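Please read the structure below before turning to the comments.
Computed from a predicted structure; not experimentally measured. Naming: A, B, ... by sequence-line order, numbering from 1 per chain. Note that these values count all heavy atoms, side chains included, but never hydrogens, waters or copies made by symmetry.
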Amino acid sequence: MALSMKMDSDEEESFVIIGKQVEQLEEDEARKKPVSVHDLTVKDSKGRQRFHGAFTGGFSAGYFNSVGTKEGWAPSTFVSSRSSRNDQVSQKAEDFMDEDDFGEHGIAPRKIATAESYTSEERQRKRKALALAVTGDAIGQKDTTLIDLVVPDSLPIGIRLLRKMGWKEGQGVGPRISSKNRKKKKNSNEGKVYGCMMPDVPNSSSEDEGSDEEYLKNVTFAPKDSNPISFDAKDNVHGIGYRGLNPSAALPSAHINLFEPPPVRSSKGKRGIRGKGFGVGALEDDDDDIYGVDHLSNYDMSMDIEDDNHLSGWTAPKGLSKDSGSTPVGYVGKLLAGFTLSTKSQKPSKVYPPPVLPRHFKPVHKFKGPVVDESIARLTTKPDVKKSTLTAADRALALGEAPVVVGSVFDLLSEEDKDKMKKAKSGKLSLEESENSAPVFVKPVENSPAEMSSNKTKSSRWDLTVRKTNETELKNKKEKVNEHRNNVAFSPSTSFQATLSHQSSLSTTSVESTPPTVSTKPLFAGNLTAYKPFAKTPDKQERYEKYLSLMNQGKKDPYLEITSGHMTEWEREREKDEFIRASKLYKPLSNMMASRFTTAKFDDETKTVDIPKEEGNDKSDKDKAAEMKMFGQLTRDNIEWHPDKVLCKRFNVPDPYPGSSIIGLPTIKRDKYSVYNFLSFPSQEFVSQDTNNTPPLAIEPKKDEETFPETNDDKKETSRVSFNIKKKVSIFNVLFEDNVSVSGQKSTDNQDKTVDIKDKATENKTSESTLTETKDNVSSGTEPTTAPPLDLYRAIFNSSDSDENSSSNDEEEEKSQPEKPVKQQQKLDVALDETKPPDISTATLKPSVSTPSTSGSRLPGDNSKIQTIEERLSPSISNHQDASMASSSLNVFRHSVSSSDSDEEMFGPALPKPSSSHENRLQQALDDHGKNYKPKHKYKSKRKEKYEEKQRNRHKEKSREKLKSKHKIKEKKSKHKKNKNKKSKKHKKKKSKHMDSESSDDSDCIIVSEDEKNVKSLDQEILSRLRDVPGKRLTAADFM
Amino acid sequence: MSRDIPSKLIQTIDCKQGAVRAVRFNADGTYCLTCGSNKTIKLWNPHRDLLLKSYQGHGYEVLDAQAGCDNSQICSGGMDKTVRLFDVATGKALRTFRGHAGTVNCVKFNEESTVILSGAIDSTIRAWDTRSRKNEPVQVMDEAKDSVTSIQVSDHEILSGSADNHVRRYDLRIGRMMADYIGKPVTSVTFTRDGQCILVSSLDDTLRLIDKDTGELLNEYKGHKNSEYKIDGCLNSKDTHILTGSENGLVCIWDLVDANMVEKLDHSTMRAIHSLSYHPSDTCLLTASGDKFYVWKSKYAPSGD
């Protein structure tokens, strides 16, 4: 400090000392302790310590330091408001703040800041409000751009200040000066004149001033206003001094006709330079009024060359007016402004013609039933349809094909074309021959009846001579014809077409592989004899045939005419029912067969066949058409095809079949090597209307008589026919491996096969009648019935009032389902394994027939019922049961069981017997059962839904289930007595459990209570019992 | 007239990739692809004799390839039964579609190169979606009974020729398949540029021009030799001429309307000229034979080299 003082004194004037000088340390002086942090104290601006801890002041410090009074805050003194009663006393927060609060670090610091009214936001807001007030609602509140244009009349603060200081507009800024000074100044200013401006000519003003001089002596004048020189940066690329066309000058507010040049002012007397701007160069002599009034005619407003039509100021594209004149001659219509006609003609959009209607298309569908009937009638009215007169048409009928609509394309050809073709062909092949050799051409369904008949006659060359003529065969044939007449009405012609087309494609190979000597008798004669459902009773069979023929003639109630007098009313009723069923049952075989065979191309009589080197002889019609270059309709197939959705999307094409789930061709494709191909019904096969070349059916069109063994005498003749289904064996192969050999050996034992199918459609009979029917069967003993056993079951089941019986029946029924495919599969296997030909019997043909075809859309498991060995076995078990089980329906079964001649007692048409011993089968079934048995499944409902559902299940499962149910019955029966009261209890319990899932009649419910141990022991028991029955063959009849 | 006929051999390029199985212009005709028997595809500028890139990935001979509409991808198919999708720039195989049971004879992109259609010896046409990650075909068209030899794709149609003597046209827009019986195994099918007709070459030394809508025969072109090999036929860029290879080292050119042969391009080889590709707009023809491909242009065109 001293030093600074000293310095101050030394150089007082020149130095300013800022800050505190560091003290000079004395050498001998003790060092000062540095001040620790906690020793530091915070003081306020006035040097008072304001923060105290509890030990350094505490309350008292606070009391003395901050509060100020003993009572705390000083209360505001009372001020009477009497005098100022109306004054609004408003308290602000600031009223309660002290200086600290207003300080820099206080809660309401006071600092200098731009007043809010001067902040840009505030100003803008104000301005906007002002503008709004001025304009009112004319300008919308939202449209700020317009509002921005409105400048409120408010003066800047500088002007306002100046005004307050006495400044007026037009005056210069500065101290006022006397007139004398002013004049002086003025003169000094007017020394030099630069630029183009002429120096002001001194005028009379000085004189005026001079006159005023006397009384203006004391008057001071404001300095002259001078324009400040503005230093604007040049921010453009124009020439110096360039100014754009001033709109106010060019377009003055007063109306000036810009399009006429202004009147030329005579400016002779004037001096050369005037106006604004730089003036005119020295070389220009006449520069009249260039810079005067601007005129638009001085400007080129358009870029292009002068046009003829004097559309000055027209700035639209030049080409338009010219082109619009050259509107093409043919063009009608108005060209849009700005558009021209294209010189390129647009490609005509492609027109997709509607599909070509077939030649004979009629918009109204006419059923061709009567036509068919007529042709059949013609055949039948012929007194004797001999073998030798069996035509191809007949054969087709026999095969269940559609009425022969066989013809060739060449029927469609005109005579000229035929001639042409004849010429084209070598002489060797006549047209006639080629026509015949063209195996099959399926004409569209729309063929006229006349054509059909003509085709029929033509195809007579296909006649087949059959050598073997014995009585039965003749009969069979008759029957066969009848049979197929039957079919004709139902078989869908489309599938027929598909088949045929396939046949034609395969015909060549089949000819080569099987020499024509193979079969000297009609291929299917043996099979067709199998259509004799009532062979046991010839007169009945006869009646049946009559019945069929009558039915085909369209008689409403054909049975009425064939009833024989000796029958009772009841018998008649029953027989009628049988006939109906039989007729329905055996229809579809032909269909199915047809799909497997190809028509022979060569006469069976001729031993050798000339197969031409060139395939010209058996070329398809398409080939011929292609050869004749007749491409077009003949060679074209137009087939519905469903592209995948994604594909459509990728191709940017709308899905042609929205909602269709089919992809590709709309045919149902079958697994090629599935057993179910043989079991399912051909009528089910959906073939699209226009698929003439459907992919070949999955089944190889080889003869598969193995499945339908013929009678023994026919064996050798058909021996060469082999069944070439390979690997069409699925699970059944594995499951029934051991059975194969057995069934193979016993293939002659046809009657063991009781595979049967029942059409539900026929089932409108009351159960009563069926029951009586079976009773009758039993009583008559030798008389076979056509009623398939399963229908019987169903009938019984429907009407039964006894819980147990019906359930047992039902379970038997269920059991019966799965065996069929198995059996068939076995047979196939046998056929595969055996090199020697299997027996072919007439009787076993039928079982393989799997469908009635009336509905056309029947599922295998739907309504048909298949009876099997196990089914037959179960009644034998029931036989062991006590008498309490007996009911009306069961009586029937037992009765039948007691009649041991089971072979004769066949229900339904010629049911084959099981081919293996029951023991074997049971063992196998038990093995199967053991694997899959689930004891938990105790509840068994015999309701229809369940039944159907089960039928839909895999056959394997069914066989398992069947066995299981069998055991349950067994067990149930054995337990029946001791558990009577218990059972009812459990029944209730179970029912309540299952109530939600299965709503069923009480009477239909059977609850079998058992535990696992019991089941096992029972299995053993059954097995042993069954083994005890030695050699007894059990058939379907056993338990009927 | 003669301007339209590519009668002048401009260049003969040895591909050095074994036998050239196919030569294909890209969409605008500036580049071409050759498929070699050494499992590679090569990208060329045929006009400048310039090899640009080669694409590897196939496990066996490549039989057909096509460049996508934007030149960014190449699809190819070959004897390794796969259909592959290459990235043009990187040369990497982006996708490999397996599923064909036999040699893939022909591959084509659809118009937007989002679907690859491949025809194979297993008698199926498979449509592969390049956009999805799925490796299964979108659709399998197994209507053919024999090997599918040739495919063409238009904006809404898939045309295929197969050895079962049929030409099948799948029209996605109307949802139908038109199968035309030709009578002889079909080796090559092509749409005319106007999309109204189909050019079918079959193994009876004949090309047929068939009306697409009715299936009727419009014209027949004979004089070449094609009874064994899969030989391409094509039209020129203006639909005025029909071109096809021949098994005796020629390329035969007919007038479309008159059906008279106007030119034979002698390749001075006795090998079959099996692959042809015509420039989409210019008079320029690529032919492949043996291990070379040839560039033919109008006789007024300047010579190469």
>> Is A:Phe651 in contact with chain B via its backbone, its side chain, both, or neither, using a 4.5 Å heavy-atom distance?
In response: both
>> With a 4.5 angstrom heavy-atom cut-off, is it the side chain or the backbone of B:Glu111 that approaches chain A, or both, or neither?
In response: neither
> In terms of heavy-atom proximity below 4.5 Å to chain A, should B:Met178 be classed as side chain, backbone, both, or neither?
Replying inline: both
>> Among B:Ile158, B:Val138, B:Leu172, exactly one meets side chain to side chain contact (heavy atoms under 4.5 Å, CB included) together with A:Pro643. Which residue is that?
In response: B:Leu172
>> Applying side chain to side chain contact (heavy atoms under 4.5 Å, CB included), can you list everything that pairs with B:Ser123, at least two apart in sequence or on another chain?
In response: B:Ala144
> What parts of residues 214-224 of chain B touch chain A if we use heavy atoms and a cut-off under 4.5 Å?
Replying inline: B:Thr214, B:Gly215, B:Glu216, B:Leu217, B:Glu220
>> Under 4.5 Å from any heavy atom of chain B, what part of A:Lys645 do you find: side chain, backbone, both or neither?
In response: neither
> Can you name the residues of residues 188-203 of chain B that have some heavy atom under 4.5 Å away from a heavy atom in chain A?
Replying inline: B:Gln196
>> Heavy-atom cut-off 4.5 Å, strictly under: side chain, backbone, both or neither for B:Thr206 against chain A?
In response: neither
> Between B:Asp155 and chain A, which part of the residue has a heavy atom less than 4.5 Å away: side chain, backbone, both or neither?
Replying inline: backbone
> Among all residues two or more places apart in sequence or in another chain, which pass the side-chain hydrogen bond (donor to acceptor under 3.5 Å, both in side chains) test with B:Asn71?
Replying inline: B:Asn26
> Looking at B:Val115, B:Asp129, B:Ile174, which has the largest count of heavy-atom pairs under 4.5 Å with chain A?
Replying inline: B:Asp129
>> Please classify the contact of A:Asn652 with chain B as side chain, backbone, both or neither, using a heavy-atom distance under 4.5 Å.
In response: side chain
> Would you find a donor on one side and an acceptor on the other, under 3.5 Å apart, between the side chain of A:Tyr657 and the backbone of B:Gly175?
Replying inline: yes
> Where is the tightest heavy-atom contact between A:Asn638 and B:Arg176, given as atom of each residue plus distance?
Replying inline: OD1-NE, 2.6 Å
> Between the main-chain N or O of A:Gly664 and the side-chain N or O of B:Glu143, is there a donor-acceptor pair closer than 3.5 Å?
Replying inline: no
